[in-house]
Amino acid sequence: MSDTEPAWRSAVELTADLAAGRVSAVELTDAAIARIERHDRTLNAVCVPDLDRARDAARAADAALARGERRPLLGVPMTVKESFHMAGLPSTWGIPGHEKAVPDTDALAVQRVRAAGAVVLGATNVPLHLGDLQSFNDVYGTTGNPWDPDRTPGGSSGGSAAALAAGYGALSLGSDIGGSLRNPAHSCGVYAHKPSLGLLPLRGHTPPGLPVLPAEHDLAVIGPMARTAADLALLLDVLAGPDELTHGIAYRLTLPPARHTELRHHRVLVLDGHPLLPCSADVRAAIDAFAEALSGAGATVLRDSPLLPDQAGAARVYMRLLESGLAAGYPPDAYERARARAAELADDDRGLAAERVRGAVLGHRDRVAAEQHRAGVQQSWRKLFAEVDVVIAPVAPTTAHPHDHSSPAGRLITVDGAGYPYFDQLALAGVATLPGLPATALPVGPAADGLPVGVQAIGPMYGDRTTLAFAELVEREFGGFRRPPLGC
């Protein structure tokens with residue numbers, strides 16, 4: 001993407017401009033702050049601005065540039081999801097009563113972006129407990145989508161995606177366990193990368209009130225968000241690598257290179273739906289048009305493969321494991337209610353909602369069985385990626401939907417006029433999350449209603465450079481981010 005306005009230039013372009021003296025970090029920061037002040041009364045994407053410290057950091061970056069220093073993000077404005085600890089700023093996860101929970105230390109990922117020279121503008125909004133595919137809470141209110149403020153920007157990294165689409169800095173940090181990077185990227189027409197499980201350290205991405213300890217998770221990741229695919233790769237390189245307190249004592253990261261450097265050499269399996277949840281006609285049409293474009297560019301495009309793991313079975317296991325981890329934090333009364341709901345389920349109820357209920361009270365024996373099933377799914381993916389390079393799959397069943405603050409228990413997602421349990425959408429995220437695979441979310445075009453549609457490009461384990469390079473090639477060939485109608 002090339003544009004003369006700083007608000008829309010990529011981080012890669014801005015670092016070159018800064019190094020050459022064509023623009024200053026203070027100018028970039030002031031331009032980003034001006035956009036926040038102009039548009040965020042409507043969007044409410046940056047829930048905790050940190051503008052004075054951002055200006056201080058920008059002045060320090062300009063001084064460093066003048067001394068001849070060169071760092072990957074030196075002077076580049078960006079935002080950070082509110083769920084990351086940032087010294088001096090509240091990290092509430094949208095939970096009322098934690099407004100005074102102010103960390104005194106940055107999360108490791110934030111330490112790394114600051115060390116790389118980034119200018120952090122503030123924290124972006126999230127849903128309660130990060131537990132929704134929207135971004136609203138009683139602490140900070142509702143975040144709107146820059147394409148239509150009456151619609152959600154997605155969640156749980158919705159504030160970050162909205163900030164990017166509105167021109168509030170070139171980069172952002174997000175996290176993902178149920179599509180929380182990919183869903184907002186789809187909803188707002190930007191890019192995000194869910195990395196291979198364990199590639200980026202989680203220390204400091206911690207709920208309020210819990211100690212900040214080095215930790216691993218069986219599903220959750222943090223990851224970069226941006227308006228270009230090349231910027232995702234730039235930020236990933238800053239963030240990646242083991243925690244210095246644990247694996248980093250003994251190990252160093254060496255990711256394999258991208259499988260191909262030209263689009264025509266890629267073998268791509270394209271999926272336009274999921275067996276347990278349909279996608280809308282608009283989403284399918286955008287994906288099908290993308291498949292045709294890939295074929296026209298010379299890529300080998302498949303629409304089915306006998307090697308694809310059983311997606312229905314994998315989704316059921318993912319729901320169990322996902323809810324099992326989330327329910328570990330339930331207070332005792334909530335856990336007892338979950339036990340009662342699980343006891344009422346019919347044995348033959350294999351709906352995804354039932355699997356989530358079972359997962360909340362999953363015993364150790366069943367947890368081990370689920371992990372064994374997961375290992376089989378991972379092996380199936382390994383076999384598939386011996387035959388294809390990238391799998392394209394939908395991120396969400398619809399374009400960004402209107403805000404819906406109804407009770408999650410009865411909430412529905414409407415797909416072409418039919419209602420489905422709202423959180424069945426998580427099955428689309430689980431395609432890559434259950435096996436721990438990298439997935440790059442990239443925009444592939446507008447739907448008939450003009451709203452963005454994204455896909456996730458899934459690659460083999462630790463094939464992060466393959467999916468990122470694929471997204472960059474697609475962007476170069478077909479175009480990428482389009483500005484939302486902000487009246488500017």
Side-chain angles (χ1 to χ4, degrees), residues 1-40 43 45-81 84 86 89 106 109-124 146 159-174 188 190-191 224-239 480-481 483-484 486 488:
M1 178 182 68
S2 62
D3 197 302
T4 57
E5 294 181 49
W8 304 112
R9 289 175 72 74
S10 70
V12 170
E13 291 170 327
L14 291 178
T15 54
D17 289 342
L18 286 158
R22 291 188 289 268
V23 70
S24 71
V26 168
E27 289 172 323
L28 295 178
T29 300
D30 284 345
I33 290 172
R35 292 190 66 80
I36 293 171
E37 291 174 342
R38 179 176 181 181
H39 296 295
D40 222 42
L43 296 181
V46 180
C47 59
V48 187
D50 197 20
L51 306 184
D52 289 340
R53 288 201 300 181
R55 290 188 173 102
D56 290 343
R59 286 189 286 268
D62 282 335
L65 287 160
R67 292 192 301 268
E69 289 188 29
R70 298 294 180 264
R71 284 178 263 156
L73 304 178
L74 187 56
V76 176
M78 67 175 292
T79 57
V80 174
K81 187 176 182 178
F84 289 83
M86 288 194 282
L89 300 182
D106 286 340
V110 178
Q111 293 177 32
R112 289 181 177 180
V113 299
R114 291 197 200 275
V119 175
V120 177
L121 299 165
T124 56
S160 286
L164 286 166
Y168 303 173
L171 303 167
S172 196
L173 282 181
C188 294
V190 299
Y191 291 79
M225 306 180 75
R227 287 191 300 272
T228 74
D231 281 359
L232 289 180
L234 173 68
L235 185 50
L236 183 79
D237 285 344
V238 169
L239 297 170
F481 171 75
R483 298 189 200 180
L486 288 172
C488 53

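Keep in mind it's a predicted model, so treat the numbers as computed, not measured.
Between Glu5 and Arg483 there is a salt bridge, since a side-chain N of the basic residue sits under 4.0 Å from a carboxylate O of the acidic one.
We find the CG-CG distance between Asp231 and Leu236 to be 12.0 Å, quoted to the nearest 0.5 Å. Here the CE atom belonging to Met78 is positioned 14.0 Å from the CG atom belonging to Leu28, to the nearest 0.5 angstrom. To the nearest 0.5 Å, atom CZ of residue Arg71 and atom CG of residue Leu18 are 12.0 Å apart. Atom-to-atom distance recorded for Asp62:CG and Arg67:CZ is 10.5 Å, nearest 0.5 angstrom. Note: Thr228 OG1 to Leu164 CG = 10.0 Å, rounded to the nearest 0.5 Å. Atoms NZ and CG, from Lys81 and Leu173 in turn, are 10.5 Å apart once rounded to the nearest 0.5 Å.
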message = Show, in sequence, the C-alpha distance, side-chain angles and deciding distance for Thr79 and Ser160, and conclude whether the side chain to side chain donor-acceptor pair (under 3.5 Å) test is met.
response = CA-CA 7 Å; Thr79 57; Ser160 286; 4.6 Å; no
query = Given the rule in the side chain to side chain contact (heavy atoms under 4.5 Å, CB included) test, do Asp30 and Arg55 qualify, once you have shown the distances and angles that lead to the verdict?
reply = CA-CA 8 Å; Asp30 284 345; Arg55 290 188 173 102; 3.5 Å; yes
message = I'd like to know whether Arg9 forms a side chain to side chain contact (heavy atoms under 4.5 Å, CB included) with Val23, so could you lay out the CA-CA distance, the side-chain angles of the two residues, the decisive distance to 0.1 Å, and finally the verdict.
response = CA-CA 12 Å; Arg9 289 175 72 74; Val23 70; over 6 Å; no
task = Apply the test side chain to side chain contact (heavy atoms under 4.5 Å, CB included) to residues Asp50 and Met86: give CA-CA distance (whole Å), side-chain angles for both, the deciding distance (0.1 Å), then the verdict.
result = CA-CA 10 Å; Asp50 197 20; Met86 288 194 282; over 6 Å; no
Intermediate values then yes/no, side chain to side chain contact (heavy atoms under 4.5 Å, CB included), Leu171 and Arg227 = CA-CA 7 Å; Leu171 303 167; Arg227 287 191 300 272; over 6 Å; no
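Residues Leu73 and Leu235 have side chains in contact (heavy-atom distance under 4.5 Å, counting atoms from C-beta outward). Considering only heavy atoms from C-beta on, Pro146 comes within 4.5 Å of Leu43 through its side chain. The shortest side-chain heavy-atom distance between Asp40 and Tyr168 falls under the 4.5 Å cut-off.
Scanning all heavy atoms of the two residues, the minimum distance from Ser172 to Val80 falls at OG-N, 3.9 Å. In plain terms, the two heavy atoms of Ala162 and Cys188 that are nearest each other are N-SG, 3.9 Å. In terms of heavy atoms, Ala19 sits closest to Arg70 at O-NH2, 3.2 Å. When all heavy atoms are compared, the tightest approach of Ala109 to Phe84 is CB-CE2, 4.0 Å. Residues Leu486 and Ala166 come closest through the heavy atom pair CD1-CA, 3.6 Å. When all heavy atoms of Gly169 and Ala32 are compared, the closest pair comes out as N-CB, 4.2 Å.
The only member of Arg112, Arg53, Arg114 that meets salt bridge (charged side-chain N to carboxylate O under 4.0 Å, His left out) when paired with Asp106 is Arg114.
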